[in-house]
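Okay, so here's the structure we're looking at.
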Amino acid sequence: MTSPTNDAARPSFNNADQPDSQHQLLQHDSTLTVAQSVSLTLGSDSLLVAATKDTLAISFYNILDADISPAGLTITYAEHAIKEDVSVTALQYPIAEEEKANVEAWIARLLDLAYGNAQRYKRLKVLVNPFGGKGGAVKLYQNHAASIFAAARCKVDVQETTHSGHAGEISENIDIDAFDAIVCCSGDGLPYEVFNGLAKKPNAGEALNKVAVALIPCGSGNAMTWNLCGTGSVSVAALAIVKGLRTPMDLTSITQGHNRILSFLSQSFGIIAECDLGTDNIRWMGAHRFTYGFLVRVVKSTVWPCDLAVKVEIDDKKAIKDHYNTYANSVPPLRSPEETAGRSGGLPDLKYGTVQDDLPEDWEVIPSETLGNFYAGNMAIMSKDTNFFPASLPNDGLMDIVTIDGTLGVAKSLKMMTAIPEGDFFDMPEVNVRKATAYRLVPREKEGYISVDGERIPFEAFQVEIHKGLGTVLSKSGHLYEAEGPKP
């Protein structure tokens, strides 16, 4: 913490003796002088702290709080520390009693710039899974996230989960008027439970609209954090949640038998599902277990035959790119906490019925006798450096479906794997991409894996349809995922 030595120093505003000084206070270049030789200037995107010899620029995004106390003016911010992490630090300057009104006005402007459309002082229900990933979630939260939330004056209620499904039980019974967001310290498993817990409420539509869901990355994949916050760092993710914008996000309904669940991330059948769920025995490898599982199965050239029908909306890659660009250049659909009209009931009705109903006549039947991979995505990034669905959008009412033949051979399969981090995967001719509103998949084999948000569901027929903007998340941009879109 920085504290000037001259306690008698008084802050002053540049041009404070001018008649329009209060007007100038509202400008981006408003400057507050403290400790005789230190000026604090509200720049275009940063707070500029200028001493006699040095100037420090603090991005408004990193400003957590500012207030006046008996100790004076305190500005708390997240300072970039080692590697990609941030830590809480503060500047403190004495303030004379007669200057408090002016300083309070300056603080108000600083916080307006620091938070913009983001909600301040969020009320957070923090769920920590002590068993997720490599089992270090409790320490990760306490050592790297808790201080960020405290410095931003968030109201935090922390609870450890004790068993599988516990996060869903907590969410099903949560008071949606008491919290602005549920923050999961885990992998993607807890957000899956939270969305489905909120979905069980009698007022599920209102609950999913009102309570945002966020993730502190403590698991193997942490896809939600990569997509919404653009980081794998616990502290940077905490900062992104503090500054997060309430963003509507599509969710999908999955019906299987008489059951209905929600999915926020993806559904997979074939090699991806096998790599995810078939490698639970090597979770100690972290994210590398997915790569290992992929290589083992590619060498075997396994196929997963099924019956597949899709309600296709866009199947041309150029048209998909045009759709992405149109959305990217549109006005961000920020969601107000008060926006609950028309969502007071339960989950929305299923437009296409369930997997037990007759197949709609206008769905496209896709030959899948030699299917190698089926992957339906609702987010772009599936794990670090794996931007599998670059054209995926948070709130366009469409899911992205990728199908790949299983008889391509080892060489082409390996080329696909390296093409993903390079951004070339989408345009490969062997990669079939469709934007759709629904699909049905019926496995032909008796045993295998189907993955929903990384969780295993029974290996039997299932049907999926998307609901535009049903869920709410906290995102950095309020508009797009933190991923590169498809190449022009």
Side-chain angles (χ1 to χ4, degrees), residues 221 223 265-279 282 287-310 312 314-321 364-377 379-392 399-436 439-452 454 459 462 464 483-487:
L265 178 60
S266 65
Q267 308 92 48
S268 61
F269 170 85
I271 193 168
I272 296 294
E274 296 276 336
C275 294
D276 184 2
L277 299 174
T279 58
I282 52 172
H288 296 297
R289 69 186 174 95
F290 301 111
T291 303
Y292 173 81
F294 179 84
L295 293 174
V296 169
R297 286 157 180 80
V298 161
V299 170
K300 294 180 180 179
S301 296
T302 309
V303 296
W304 289 268
C306 67
D307 296 317
L308 176 63
V310 180
V312 178
I314 313 174
D315 62 359
D316 176 75
K317 289 185 178 180
K318 183 182 182 303
I320 290 174
K321 291 180 181 181
E364 179 181 342
V365 177
I366 299 172
S368 303
E369 290 79 9
T370 59
L371 182 73
N373 184 40
F374 172 91
Y375 211 174
M379 286 184 160
I381 303 170
M382 294 296 107
S383 61
K384 184 181 180 181
D385 300 325
T386 311
N387 184 8
F388 204 95
F389 302 100
S392 182
M399 67 184 91
D400 290 30
I401 295 178
V402 170
T403 55
I404 301 171
D405 191 87
T407 61
L408 295 177
V410 175
K412 284 188 177 179
S413 296
L414 291 177
K415 185 179 179 181
M416 285 184 181
M417 187 176 181
T418 59
I420 294 173
E422 295 172 0
D424 297 325
F425 177 78
F426 181 92
D427 289 308
M428 294 182 71
E430 298 87 357
V431 177
N432 301 297
V433 184
R434 302 171 178 87
K435 278 193 173 284
Y439 70 87
R440 177 181 295 181
L441 190 152
V442 182
R444 293 186 184 176
E445 302 293 337
K446 293 183 178 180
E447 295 182 353
Y449 294 97
I450 298 171
S451 175
V452 174
F459 193 72
F462 67 102
V464 180
E484 292 292 331
K487 290 185 176 180

- Message: Can you give me the closest heavy-atom contact between Cys306 and Pro443, atom names plus distance?
- Response: CB-CA, 4.0 Å
- Message: Quick check on salt bridge (charged side-chain N to carboxylate O under 4.0 Å, His left out): which of Lys318, Lys321, Lys317 does Asp427 satisfy it with?
- Response: Lys321
- Identify the heavy atoms of Ile401 and Ala376 that sit nearest to each other, and give their distance. CG1-CB, 4.0 Å
- Query: Got a salt bridge between Lys487 and Asp424, using NZ or NE/NH1/NH2 to carboxylate O under 4.0 Å?
  - Reply: yes
- Query: Which pair of heavy atoms, one from Phe269 and one from Trp304, lies closest together, and at what distance?
  - Reply: CE2-O, 3.3 Å
- Item | Atom of Ser383, atom of Ile381 and distance for their closest heavy-atom approach | O-CG2, 3.0 Å
- Message: How long is the straight-line distance from CZ of Phe426 back to CD1 of Ile420, given to the nearest 0.5 Å?
- Response: 13.5 Å
- Query: According to the interplanar angle, ranging from 0 to 90°, do the rings of Phe462 and Tyr439 count as parallel (below 30°), tilted (30 to 60°) or perpendicular (above 60°)?
  - Reply: perpendicular
- Query: How about Phe389 and Met399: do any of their side-chain heavy atoms sit closer than 4.5 Å?
  - Reply: no
- Task: Check side-chain contact (heavy atoms from CB on, under 4.5 Å) between Ser266 and all other residues, then give those that pass, not counting sequence neighbours.
- Result: Tyr375, Met382
- Atom CD1 in Ile320, atom CD1 in Ile314: separation rounded to 0.5 Å? 6.0 Å
- Message: For the residue pair Arg444 / Ser368, report whether a side-chain donor-acceptor contact shorter than 3.5 Å exists.
- Response: no
- Message: Show me the pairs that pass salt bridge (charged side-chain N to carboxylate O under 4.0 Å, His left out) and involve residues 410-423, at least two apart or across chains.
- Response: Lys412-Glu430
- Considering non-hydrogen atoms only, spot the tightest contact between Ala419 and Met428 and give its length. CB-SD, 3.7 Å
- Note on the structure: Exactly one of Asn432, Val310, Leu441, Leu371 clears side-chain contact (heavy atoms from CB on, under 4.5 Å) with Ile366, and that residue is Val310
- Item | Which atom of Glu484 lies closest to which atom of Pro390, heavy atoms considered | O-CB, 3.6 Å
